[in-house]
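Predicted model only: the values in this text are computed from it and were never measured.
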Amino acid sequence: MKNETELTDFRPVRNKPTRARYVILILLFFITAINYIDRASVSIAAPSIQTSLNISPALLGVVFSAFSWTYTGMQIPGGLILDKFGSKRTYGVSLFVWSVFTGVQAFAASFGFLFGCRLIIGLAESPAFPANNRIVTTWFPRRERAFATGVYTAGEYVGLAFATPVLFWVLTAFDWRAVFISSGLLGLVFSVFWFKMYQEPNRYRKVNREELEYIKEGGGLTEVSESAGRITWRDFVQLLKYRKLVGLYIGQFAVASTLFFFLTWFPTYLAEAKHMAFLKVGFAASIPYIAAFFGVLFGGFWSDGMMKRGVSVNVARKTPVILGLLLTGSIVLANVTDSSPAVLAILSIASFAQGMSNISWTMLSEVAPSETIGLAGGVFNFFANMAGIITPLIIGFIVSATGSYNGAILFVGAVAFIGAFSYIFIVGKVERITLR
């Protein structure tokens, strides 16, 4: 009887789900930070490079632009490569190559050598953000994706805001070549960690069955394989036929436009339009990045919090992005004051809002066809980085034509409002697309 009772009372033991997905997220955070450190290193070293290599301001501008042209041009091919070879190989090779050529810049003795390195770095970095999106989509359930997107996106602001003083110290203590060597070595070290630690969910030894079930039941695509098969340009054309995706592309162009204003014209704007002393500009330029860092984390927590409270995915994913874009439009208020504290407060609020809207990658992870997640991410990032080419050029044209930054600030605010309009009226319901 005792044995029968024991058999009757037996219940299968379920282990507590592991948290291996957060190890993957930490990897993404640090690699994204390294990504932006490597992008920013050339601007930090630029004055010393100009003197050392006898490069004119015009040629230095060409060096600055080289990264954006190849990075933008490779977004769609990079997405195709990502879907064909999978996240581990594509991201690992990408990180290794861009880190090598970041370090190789230290040996530049001419404009041509430096220009070529920047072109290759842009090519190599192109799969990074589509890979981030693909990995979050496979590793995280829907209710945690905004948080995960916010964490890895915060890495870019950490790289810009907190690593910049360190690189300035390296420049001062050693020379401009040490800036590139230290940045490149950091990336090479993390490429070793990446190849050693990253696996797809169904191959990762530290994830248990309960965590896999938790991710899968929550909408994570845990069974996306390392190679998604043959992806063609026909798949790219097909992605442009969906109104939902077109709306996201327009919206992401708007989200990125404000970021690129801060990355390019912001210090000059403070010095020329608001007459700040150059030393003060150096301190002030870091404030919006810090604000954006907190904005993107807030947007992720808020979106996932709504999901956990039972709010529909449509409302939970759209609300932070739309309100973020609308609040970003408040940047136009900078035109009505010359007070330095007021200007910095307005621009910091706009940058916080831009960070909040930058969880827009989460929305792409909710709607992209599962067969072409990498390609959809590449197209998405292509439109984002078109803003990196178009926005600085338009701002420069407006300033040259009018002699004032007021029109430029109005342009940035108007683009933000257009992005909000796109998310409200064009994107429609947030749900995964099934390819026809």
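- Separating the CD atom in Q354 from the CE atom in M356 is a distance of 10.5 Å, to the nearest 0.5 Å.
- Taking 4.5 Å as the limit, some side-chain heavy atom of V136 sits within range of a side-chain heavy atom of L28.
- Closest non-hydrogen pair, F147 versus Y22, comes out as CE2-CE2, 3.9 Å.
- Remark: the backbone N or O of L327 is paired with a side-chain donor or acceptor of S330 at under 3.5 angstrom.
- A donor-acceptor pair under 3.5 Å is absent between the side-chain atoms of S94 and the main chain of T90, judged by distance alone.
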Extract all donor-acceptor atom pairs below 3.5 Å that involve side chains of residues 413-422 and protein atoms in other chains or at least two apart in sequence.
unit_1, atom_1, unit_2, atom_2, d
S422, OG, G247, O, 2.7

(request) Check the pair D304, R317 against salt bridge (Lys or Arg N to Asp or Glu O under 4.0 Å), reporting the backbone distance first and the verdict last. (result) CA-CA 8 Å; D304 282 344; R317 296 311 189 212; 2.9 Å; yes
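- Using a 4.5 Å cut-off on side-chain heavy atoms (C-beta onward), Y91 and I135 make contact.
- No more than 12 heavy atoms of other residues, nucleotides or ligands lie within 6.0 Å of CZ in F193, so this atom counts as exposed by the packing criterion.
- Within the 4.5 Å cutoff, side-chain heavy atoms of V321 are placed close to those of M363.
- Within the model, atoms CZ of F140 and OG1 of T362 stand 11.0 Å from one another, a figure rounded to the nearest 0.5 Å.
- Residue pairs meeting the side chain to side chain donor-acceptor pair (under 3.5 Å) criterion with at least one partner in residues 244-262, sequence neighbours excluded, are Q252-S360, S257-T391.
- In terms of heavy-atom proximity, T149 sits nearest to T153 at O-OG1, 2.6 Å.
- The backbone N or O of W98 lies less than 3.5 Å from a partner atom in the side chain of T102, making a donor-acceptor pair.
- Between the K274 side chain and the A334 main chain, a donor and an acceptor come within less than 3.5 Å of each other.
- Looking only at side-chain heavy atoms (C-beta outward), W139 and L25 stay at 4.5 Å or farther from each other.
- Applying the side chain to side chain donor-acceptor pair (under 3.5 Å) rule to pairs touching residues 184-194 yields nothing, sequence neighbours excluded.
- K88 places a side-chain N or O within donor-acceptor distance of the main-chain N or O of Y198, the cut-off being under 3.5 Å.
- Partners of T18 according to the side chain to side chain donor-acceptor pair (under 3.5 Å) rule, which considers only residues two or more places apart in sequence or in another chain, are N208, E211.
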(request) Start with the C-alpha gap between V189 and L185, add the side-chain angles, then the distance that decides, and say whether side-chain contact (heavy atoms from CB on, under 4.5 Å) holds. (result) CA-CA 6 Å; V189 169; L185 285 175; 5.5 Å; no
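- The two residues N35 and A128 have their closest heavy-atom pair at ND2-CB, 3.4 Å.
- To the nearest 0.5 Å, the span separating CG on L27 from CE on M197 amounts to 5.0 Å.
- Here side chain to side chain donor-acceptor pair (under 3.5 Å) pairs that include residues 375-384, with residues two or more places apart or in two chains, are Y71-N381, Q75-N381, N381-N385.
- Here the closest heavy-atom approach between residue V170 and residue S182 is recorded as CG1-OG, 4.2 Å.
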(message) Show, in sequence, the C-alpha distance, side-chain angles and deciding distance for F260 and I390, and conclude whether the side-chain contact (heavy atoms from CB on, under 4.5 Å) test is met.
(response) CA-CA 10 Å; F260 281 105; I390 294 172; over 6 Å; no
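- Other residues, nucleotides and ligands place more than 12 heavy atoms under 6.0 Å from the CZ atom of F195.
- Side chain of S357 to main chain of G324: no donor-acceptor pair is present (N/O by atom type, distance under 3.5 Å, no hydrogens or angles).
- Under a 3.5 Å cut-off, the side chain of R243 and the backbone N or O of V427 do not form any donor-acceptor pair.
- A 4.5 Å side-chain heavy-atom check between V367 and Y242 finds every atom pair outside the cut-off.
- Remark: F411 CZ is packed, more than 12 non-hydrogen atoms of other residues, nucleotides or ligands lying under 6.0 Å away.
- Between K429 and E366, none of the side-chain N atoms (NZ, or NE/NH1/NH2) sits under 4.0 Å from a carboxylate O, so this pair counts as no salt bridge.
- Although no hydrogens or angles enter the test, the distance criterion places no donor-acceptor pair under 3.5 Å between the side chain of N358 and the main chain of V296.
- Side-chain contact between F129 and T32 is present, with at least one heavy-atom pair separated by less than 4.5 Å.
- Within the 3.5 Å criterion, the main-chain N or O of G299 finds no donor-acceptor partner in the side chain of S303.
- When all heavy atoms of I37 and S183 are compared, the closest pair comes out as CG2-OG, 3.9 Å.
- Between L364 atom CG and I359 atom CD1 the span is 13.0 Å, to the nearest 0.5 Å.
- Between Q105 and R118 the shortest side-chain heavy-atom distance falls below 4.5 Å.
- Across all non-hydrogen atoms, the minimal contact from L297 to A154 is CD2-CB, 4.0 Å.
- For V399, the side-chain contact (heavy atoms from CB on, under 4.5 Å) criterion is met by I395, Y405, A408, not counting sequence neighbours.
- Put simply, the side chain of S348 never gets that close to the backbone of P288: no donor and acceptor are under 3.5 Å apart.
- Residues L188 and V192 are not in side-chain contact: their nearest non-hydrogen atoms beyond the backbone lie 4.5 Å or more apart.
- We find the CD-CD distance between E210 and E213 to be 6.0 Å, quoted to the nearest 0.5 Å.
- The CD atom of E156 lies 10.5 Å from the CZ atom of F29; values are rounded to the nearest 0.5 Å.
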(message) Evaluate F383 against L248 for side-chain contact (heavy atoms from CB on, under 4.5 Å), listing each step before the verdict.
(response) CA-CA 9 Å; F383 281 95; L248 289 179; over 6 Å; no
